[in-house]
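Start at 1 and go down the list; that is how both ligands and their atoms are numbered. Here the structure is a predicted model, which means the values were calculated and not measured.
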Amino acid sequence: MIKTSAAVCRNLNEPWTVETVEIDPPGPRDVSVKMVFAGLCHSDEHLRLGDVGAPPEVLEMIGVESLYPVIGGHEGAGIVQEVGAEVTDLKPGDRVVTIFIPSCGHCFWCASGRQHLCDLGAATLAGPMMSDGTWRHRLGGQNLNRMGQVGSFTDLLVCDARSLVKISEDVPMDIAAVVSCGIATGFGSSANRGNVRPGEIVVVVGCGGVGHGALLGAMAAGAETIVAVDPIPFKREHAQKVGATHGADSMASAQELVSELTNGRMADIAVLTPGLLKGEMLAEALPLISKGGRVVCTAVAPWDAIDAKVSLFDLAMSDKAILGTLYGSTSPRVQIPRLLDLYRAGKLPLDGIVSRRYSMADVNDGYSDMDAGNTIRGVIEF
Ligand SMILES: NC(=O)c1ccc[n+]([C@@H]2O[C@H](COP(=O)([O-])OP(=O)(O)OC[C@H]3O[C@@H](n4cnc5c(N)ncnc54)[C@H](O)[C@@H]3O)[C@@H](O)[C@H]2O)c1
Ligand SMILES: [Zn+2]
Ligand SMILES: [Zn+2]
């Protein structure tokens, strides 16, 4: 049996606490990884606070009574320690990042090039090891879930090989960690799901880690005007330093600004990356976009929220689209190495995205800083 330290949420709304976790020896399809950095994505907080959740019938289907206790973290980068006998594509010493939607490579979705929709994604909420269906992680005799089938807030990670992507030796590991979810998701929200075309006008609503990814995706796709919306000056000013052409403190002020900038035609795309998506935000987002425009919803909404305020007349009569996106609608196995290649080539300005490093014991401080708007992305350094 392996013992390691991990940041765990024992129950809904309880803080992260560092615990000694017991892990049974990795199975033939598992890999152990010495973590180097883990990113503080908002989604882990959503799990802790219950925005990410599921009705009882879904919990029953995935074979769990509760989503807690859970090891937090799904963004991360580390170095492979050991691989199981059946793992052929990784070896000790390889550098890897974690992915919160595993990819099996042969389900309908993977086979059609959409690994972000892999059927294994159903297991990502909670549950035993995907590799053999056994519970391998324990806290004081209790079975432990791992956020996204990963749980990257840990000194030593043991996960299914399908939750890992190999990266090259020469990218900084903190950069790799934040690209593994936040940047990849945001980038794909603009460049892939939003299908930003050269010369278009994009509004990015919420300038955290994911919003910065959306900004970078819009820039790479050739957007001409990019309006960064965030109530916190540091956030939108940082986005403007990175490449947003304008800033606004709310969607309402963005509407005035975009109207002026476009002589009333409005934006082609609005990407919604606030901390939490609320139904009423759609009422503000739809008027931001032009006829034929699209709104991309990236942020997580409370799982049981079903009300959205939308002018259905405007939606149909103005030929608008409201699109959801998971992982930026791009196969993480393709997207993450590509983005890291772009970074290496100096074409993806990611320096400055990691604002602060924390020890695992300070993970709650990291999230307080996120809430207060003091960081673009915090990371745990192991
Ligand atoms: N769809 C996916 O696959 C996916 C993947 C990763 C993260 N997410 C979600 O994306 C969202 C963003 O994640 P993050 O880690 O960047 O969060 P974050 O908290 O770091 O950033 C959110 C930003 O939104 C700003 N904000 C809040 N309300 C706003 C409003 N009304 N208008 C404009 N800005 C507002 C905040 O000031 C903050 O800067 C979260 O909901 C997260 O769970 C979704
Ligand atoms: Zn699959
Ligand atoms: Zn994430």
Given [options], which one has a non-hydrogen atom that is nearest to [atom]?
{"atom": "atom 26 (N) of ligand 1", "options": "A228, P231, A214", "value": "P231"}
{"atom": "atom 12 (C) of ligand 1", "options": "P274, G206, A299", "value": "P274"}
{"atom": "atom 22 (C) of ligand 1", "options": "G275, G39, G209, G213", "value": "G275"}
{"atom": "atom 16 (O) of ligand 1", "options": "V210, V203, L276", "value": "V210"}

Give a rough value, rounded to 10 degrees, for the angle at the Zn ion (ligand 2) between atoms SG of C118 and SG of C110. 100°

Rounded to 10 degrees, what angle sits at the Zn ion (ligand 2) between C104 SG and C107 SG? 110°

Using distance alone, decide if ligand 1 has a nitrogen or oxygen within less than 3.5 Å of any nitrogen or oxygen in V300. yes

Check this for me - ligand 1, T185, N or O atoms closer than 3.5 angstrom, yes or no? no

With a 4.0 Å heavy-atom cut-off (strictly under), which part of [X] contacts ligand 1: side chain, backbone, both or neither?
{"X": "K235", "answer": "side chain"}
{"X": "I232", "answer": "side chain"}
{"X": "C181", "answer": "side chain"}
{"X": "M281", "answer": "side chain"}
{"X": "T325", "answer": "backbone"}

For ligand 1, is G182 a contact, meaning one of its heavy atoms is under 4.0 Å away? no

What protein heavy atom sits nearest atom 42 (C) of ligand 1, and how far away is it? S43 OG, 3.5 Å

Starting from atom 38 (C) of ligand 1, locate the nearest protein heavy atom and write down its residue, its atom name and how far away it is, to 0.1 Å. D230 OD2, 3.4 Å

Students often mix this up, so state it plainly: with edges at 30° and 60°, are the rings of F100 and Y327 parallel, tilted or perpendicular? parallel

Rounded to 10°, the SG/C181 to the Zn ion (ligand 3) to NE2/H74 angle comes out at 110°

Qualifying residue for side-chain contact (heavy atoms from CB on, under 4.5 Å) with V8, from V18, T154, N145, V21: V21

Check whether any side-chain heavy atom of D268 lies under 4.5 Å from a side-chain heavy atom of R265, and answer yes or no. yes

Checking only N/O/S atoms, does H42 have one that is under 2.8 Å from the Zn ion (ligand 3)? no

